[in-house]
Amino acid sequence: MINIIIAGPRGKMGRAAVQMVQETEHFHLAAVLDRKNGGKYLNEVDGFAGIGSDVPVYEDHEECFSTVEADVLIDLTTPEVGRIHTLSALAHGIRPVVGTTGFSDEDLGELRTMTKDKGIGCIIAPNFAIGAILMMKFAQNAAKYFDDVEILEMHHDQKLDAPSGTAIKTAQLISEERTVKKQGHANEKETIPGARGADFEGMRIHSVRLPGLIAHQEVIFGGEGQTLTIRHDSYDRKSFMSGVRVSVDTVMNLDHLVYGLENILD
Ligand SMILES: NC(=O)c1ccc[n+]([C@@H]2O[C@H](COP(=O)([O-])OP(=O)(O)OC[C@H]3O[C@@H](n4cnc5c(N)ncnc54)[C@H](O)[C@@H]3O)[C@@H](O)[C@H]2O)c1
Ligand SMILES: O=C(O)C1=N[C@H](C(=O)O)CCC1
């Protein structure tokens, strides 16, 4: 049995994760970490009637991590909060599985160092959907044959970070195969700032935010007389849950930080 704390249980991902943990035979939801409702049980929180009558709600992460006997923290919050939760969980010997996006390179470096010092596992996954992992891997492979590429990521309009964690991870994987190149016309000029999107080593990342969307990305390669588009769509947050489940199982046997599910899937 793996004892789990979920941070951000009332969020869109947190609710799906609570359901996944409750439905997984060898997972036990030991507690949740919320911004409010401390001192209650989960079944007393709006939207959770009938589930989690034995699951305490904490507001303070230090109190939660020092009181609850937990193996794994699943964090689905915000970049600032997720970073603090992850550091604190590691300090308490609890293995983090982090879906929260928006961490800087410095944040990742700090977490990598902390994980190494503690000698326990930590997984940070910008995207838990298997289709998204394949999209990134296919894009990395295609980058061997195309020098020019732009990334178009499209998300719901409640998203805090841009570009998405997935788009950044995709660009990082592509950059392992692609030499740095400034794309477009040498003299191109933005008449409205931002028109050409974010610049990652010369490849452009465009972020769309619209109600109705969940999580979508196109990686568009261009060559002489042709384009290649690799696209993934998440239409339901259930798409992420098998990746969260695999991550919880895997993190139990790790002693270092893994950034990206492509590193743990065969
Ligand atoms: N890795 C993936 O596959 C994946 C998939 C979807 C979303 N995400 C990321 O997961 C995160 C959450 O996404 P969401 O759509 O569920 O957002 P959301 O806004 O619906 O939920 C975030 C939750 O965090 C809670 N929260 C904020 N501060 C807190 C604190 N101090 N303590 C406890 N809880 C706190 C909020 O109350 C909210 O319920 C985002 O960073 C998003 O980018 C990752
Ligand atoms: O809903 C979100 O927010 C998502 N964020 C991830 C990202 O930033 O890449 C991916 C899945 C959905």
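Whatever order the structure lists them in is the order used to number ligands and atoms, beginning at 1.
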Residue Lys181 excluded, over 12 heavy atoms near NZ under 6.0 Å: yes
Between Thr166 and Glu153: side-chain donor-acceptor atoms closer than 3.5 Å: no
Neighbouring residues of ligand 2, heavy-atom cut-off under 4.0 Å: Thr101, Pro126, Asn127, His155, His156, Lys159, Asp161, Ser164, Gly165, Thr166, Ala215, Phe240
Residue pair Leu42 / Leu29, side-chain heavy-atom distance below 4.5 Å: yes
Separation between OG1 of Thr24 and CE of Met1, rounded to the nearest 0.5 Å: 10.5 Å
Protein residues having a heavy atom less than 4.0 Å from any atom of ligand 1: Gly8, Arg10, Gly11, Lys12, Met13, Leu33, Asp34, Arg35, Leu76, Thr77, Val81, His85, Gly99, Thr100, Thr101, Ala125, Pro126, Asn127, Phe128, Lys159, Asp161, Phe240
Heavy-atom side-chain contact between Ile4 and Val248 under 4.5 Å: yes
Spacing of Ser207 atom OG and Leu152 atom CG [to the nearest 0.5 Å]: 8.5 Å
Asp46, CG atom: more than 12 neighbouring heavy atoms under 6.0 Å: no
Over 12 foreign heavy atoms within 6.0 Å of CZ, Phe200: yes
Parallel, tilted or perpendicular: rings of Tyr235 and His216 (30°, 60°): perpendicular
